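Single-structure report; data block below.
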Protein chains: 2
Amino acid sequence: MTAVLVVDDDPHLLRALRITLQAHGYDVTTAADGHSALLAATQHPLALVILDLGLPDLDGTSVLRELRTWSRVPVLVLSARHGSEDKVEALDAGADDYITKPFGLDELLARLRALLRRSADPGQEPVVTTEAFTVDLEKHRVTRDGQDIRLTPTEWKMLEVLVRNPEKLVTQQQLLSEVWGPAYAKETNYLRVYMAQLRRKLEPEAAAPRHLVTEAGIGYRFVP
Amino acid sequence: MTAVLVVDDDPHLLRALRITLQAHGYDVTTAADGHSALLAATQHPLALVILDLGLPDLDGTSVLRELRTWSRVPVLVLSARHGSEDKVEALDAGADDYITKPFGLDELLARLRALLRRSADPGQEPVVTTEAFTVDLEKHRVTRDGQDIRLTPTEWKMLEVLVRNPEKLVTQQQLLSEVWGPAYAKETNYLRVYMAQLRRKLEPEAAAPRHLVTEAGIGYRFVP
DNA sequence: GTGCAGTGTCAAGAATTCGTCAAGATCCGG
DNA sequence: CCGGATCTTGACGAATTCTTGACACTGCAC
C-alpha cells in the first residue's frame, strides 16, 4: 500500500484529508507539527509527503530542508499564501509541487497521482540475476543452473519482497506484513523457517548465505 | 545545456518565454501547434516540455497522450482554464505539473527547476559521506573503504539519530530517549559504551574522533 | 597535589535472537 | 475421503547482542 504522510496543524483538514486519502487506497499517517513530522518520516518508509507550510513550531520550509538532507521522498506543499515568493522559496527548498488553499480535492488527488507516477521506480528490471540463481518477477519463476526451482506461494512472496528491494534492508515487520498481513508482525518464527527454506533452495551454501543476508535484530537483505 | 521545448500558439508568449528561458541558461526550441510539437520532440532529446493546452490543431491533452506513448520527458502544462476538471484530465494524461495563466515567470521557473531536479539522476540516493565512512539511510547500510560495516540494531539507531541531525548537537537525553526510550534518560552509561563501539568501527582513529564528537556534559555531534 | 565529575575502556554474564528440525494441522485436487 | 503439498507451531543449541559493573583517564576546582 502507498504510504502517505500528511502534515497540517488544522485538525479538521487533517481529518478530511485522512478520510479522503484512505478512501482512495492510501495508507495515511498524520502529524500536526514539524517535529513530529520529521520524527514520523524516520519511522517508516514513505511514498509521499503532503506538507502544510503554516506549522505551529517550525516553519514549513525548514522542515522541508531538514527532510531533504536525508530523504528524496516527493513532497507536495500546501499553503494559504498565494504569493509567488512563497512558492519559489518552497519549490527551491525541495518541494515537488505547490498548491494553494482552498484547493479542490480532485486536483490534490490528481497532483498526487502525478507525483507518485513520476517517482515510481522506472527501471525495475523484471529479471534479477545473481551468480547463483535468477529471479524472473514477471514470469514468476526462479532458475538455478538452468533448472527451474519450485517455490511454494509463501516462499515466492517472501523472495519477491526482498528482490524488489535490492540492496535494501527489509525489516522483519515489513516482510511479515507484506507476506502474511499486518496482523502477523510478531510472528518472527515464520521468517526464520521460510528464510531457511529459501536458502536451502537458492544459496550454494545455505550455511553461509551470500545473497539472502540476515541483519541480526532488524531484518533481511537481498544482495544480487 | 538543458533542452526545453515550448509549445504555444500565442507568438507573443512564445517569444517572451524563449527570451526568459534563454536568459536563464536553457536551450529553447519552440512549436506553435500540436503536430510540430510532436515532431520537434522526436528530433532532439529534451529535458522538459512546456505545453499550452489551447492549440489550434490538436487538443493539448491528445498531444500529451501521444507523447507519453513513447517518452517520459517531464511536461509542465500551461492553461487558461482554472477548472479542476481540466487540471485532473491533464495530470492524468501524463502531465507532471499544471499552471494557469496568467502566471508569474519566477513561479514558472521555480516549478521548472523542481521538475528538472526530480528527473535528474533518479538513481541517486541520499547518502551521508565523510572522508572515513558512508552512511546510506535508505539502504540502511554503512560502508568504509568500500566494505560493509556490520552494526548491531542499537549501534545503527544511535548512528541514525546523529546522522539525521548533521552538525547539530544532540543531547544525551535526546539520544537515550530516541534509541532506548524515554524511560532511560539516566542511563548515560549506554551512550559511552555504544559511542565507543561506533568509533571503533567507523573512526580511523577511535582515540581522536573527528566525526562522532563529544560535547562534554551535554551530548554528541556528528560532523560529516 | 587532591578530589571530583564526566568520559572512555573492557570483559563477563544475562538476555535476546537466529538457524534448524520435526511433529502436527490445514488445505486442495482428484 | 485420500494423499500430497504447504503451512503452523514449539523446542533446542548456537550465535549475537545487550546490560552491567569495575576501573582508568582527563580536565578542572580547590
Side-chain angles (χ1 to χ4, degrees), chain A residues 140 142 148-162 169-181 183-222, chain B residues 140 142 148-162 169-181 183-222:
Chain A
H140 204 282
V142 186
D148 272 24
I149 304 282
R150 282 186 58 84
L151 293 186
T152 72
T154 308
E155 286 166 4
W156 170 262
K157 265 195 263 177
M158 192 160 145
L159 179 63
E160 188 180 17
V161 174
L162 289 166
L169 172 58
V170 183
T171 66
Q172 299 178 344
Q173 278 63 35
Q174 258 176 282
L175 267 175
L176 285 165
S177 99
E178 296 223 30
V179 177
W180 281 271
Y184 290 70
K186 294 275 173 68
E187 302 288 341
T188 58
N189 251 348
Y190 293 178
L191 296 182
R192 295 207 287 283
V193 172
Y194 279 93
M195 185 55 67
Q197 305 261 52
L198 279 179
R199 295 212 258 238
R200 201 173 316 138
K201 291 186 177 182
L202 301 179
E203 291 274 5
E205 292 174 79
R210 285 217 295 247
H211 305 108
L212 300 171
V213 185
T214 302
E215 298 279 336
I218 317 181
Y220 295 88
R221 184 199 308 274
F222 168 70
Chain B
H140 200 288
V142 184
D148 273 24
I149 304 285
R150 288 184 62 85
L151 295 186
T152 71
T154 308
E155 287 165 3
W156 170 263
K157 267 194 261 175
M158 193 160 146
L159 179 63
E160 190 180 20
V161 174
L162 289 167
L169 173 62
V170 182
T171 66
Q172 298 179 344
Q173 278 63 35
Q174 251 178 290
L175 267 175
L176 284 166
S177 102
E178 293 223 30
V179 177
W180 282 270
Y184 290 69
K186 295 278 174 66
E187 302 288 341
T188 58
N189 248 347
Y190 293 176
L191 296 182
R192 295 206 287 284
V193 172
Y194 278 93
M195 185 54 68
Q197 304 261 54
L198 279 180
R199 285 180 177 148
R200 199 173 317 137
K201 290 185 177 183
L202 302 180
E203 291 274 5
E205 293 174 80
R210 285 214 296 245
H211 305 107
L212 300 170
V213 185
T214 302
E215 298 282 335
I218 316 181
Y220 295 88
R221 184 197 308 273
F222 168 71

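So that the names make sense, note that chain A is the first sequence line, chain B the second, and so on, each numbered from 1. Quantities reported herein were computed from a predicted structural model and do not represent experimental measurements.
Between A:T154 and B:E155, it is A:T154 whose nearest contact on DNA chain D lies nearer the 5' terminus. Of the two residues near DNA chain C, B:G219 and A:L191, the one whose nearest nucleotide lies more 5' is B:G219.
A:Y184 places its OH atom 10 Å from the C1' atom of D:dT8, with the value rounded to the nearest Å. The interatomic distance linking B:N189 (CG) with C:dC10 (P) rounds to 15 Å, in whole Å. Between the CD atom of B:Q173 and the C1' atom of C:dG6 there is a distance of 13 Å, given to the nearest Å. When rounded to the nearest whole Å, the span between CE of B:M195 and C1' of C:dG6 equals 15 Å. One atom, CZ of B:R221, and another, C1' of C:dT7, lie 17 Å apart when rounded to the nearest Å. Spacing between atom CD1 of B:I218 and atom P of C:dA5 amounts to 18 Å, rounded to whole angstrom units. Distance A:Y194 OH to C:dA22 P: 17 Å, rounded to the nearest Å. When rounded to the nearest whole Å, the span between NZ of B:K186 and P of D:dT19 equals 18 Å.
Phosphate proximity of C:dT9 to B:Q197: absent, as no side-chain N or O sits under 4.0 Å from OP1 or OP2. Considering only side-chain N and O atoms, A:Y190 lies nowhere under 4.0 angstrom from the phosphate OP1 or OP2 of D:dT6. Distances shorter than 4.0 Å separate some side-chain N or O of A:T152 from OP1 or OP2 on D:dC7. In this structure, B:T214 does not reach the C:dT7 phosphate: none of its side-chain N or O atoms is under 4.0 Å from OP1 or OP2. Dashed line: the shortest gap from a side-chain N or O of A:R192 to OP1 or OP2 of C:dT20 is not under 4.0 Å. Neither OP1 nor OP2 of D:dC7 sits under 4.0 Å from any side-chain N or O of A:W180.
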Working for side chain to side chain contact (heavy atoms under 4.5 Å, CB included), residues A:Y220 and A:M195: CA-CA 9 Å; A:Y220 295 88; A:M195 185 55 67; 3.5 Å; yes
Stepwise, does the side chain to side chain contact (heavy atoms under 4.5 Å, CB included) test hold for B:V170 with B:F222?
-> CA-CA 9 Å; B:V170 182; B:F222 168 71; over 6 Å; no
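Of the candidate nucleotides C:dG8, C:dC21, C:dC10, C:dC10 has the atom lying nearest to any side-chain atom of B:R200. With D:dT8, C:dT7, D:dC18 as the choices, the nucleotide that has an atom nearest any side-chain atom of B:Q172 turns out to be C:dT7. When each of C:dG8, C:dG19, C:dC18 is scored by its nearest atom to the side-chain atoms of B:Y220, the top-ranked nucleotide is C:dG8. When each of D:dA11, C:dC18, D:dT17 is scored by its nearest atom to the side-chain atoms of B:P153, the top-ranked nucleotide is D:dT17. Residue A:R150 has its side chain nearest to D:dT6 when only D:dT16, C:dT9, D:dT6 are considered.
B:T188 comes within 4.0 angstrom of no nucleic acid atom, judged by non-hydrogen atoms across all strands.
Looking at A:R199, its side chain does come within 3.5 Å of a backbone N or O of A:L212 through a donor-acceptor pair. Not a single donor-acceptor pair under 3.5 Å links the side chain of A:E203 to the backbone N or O of A:A208.
Distance check: A:L151 CG to A:M158 CE gives 11.0 Å after rounding to the nearest 0.5 Å.
Closest approach of A:V161 to A:E178, counting heavy atoms only: CG2-CB, 4.0 Å.
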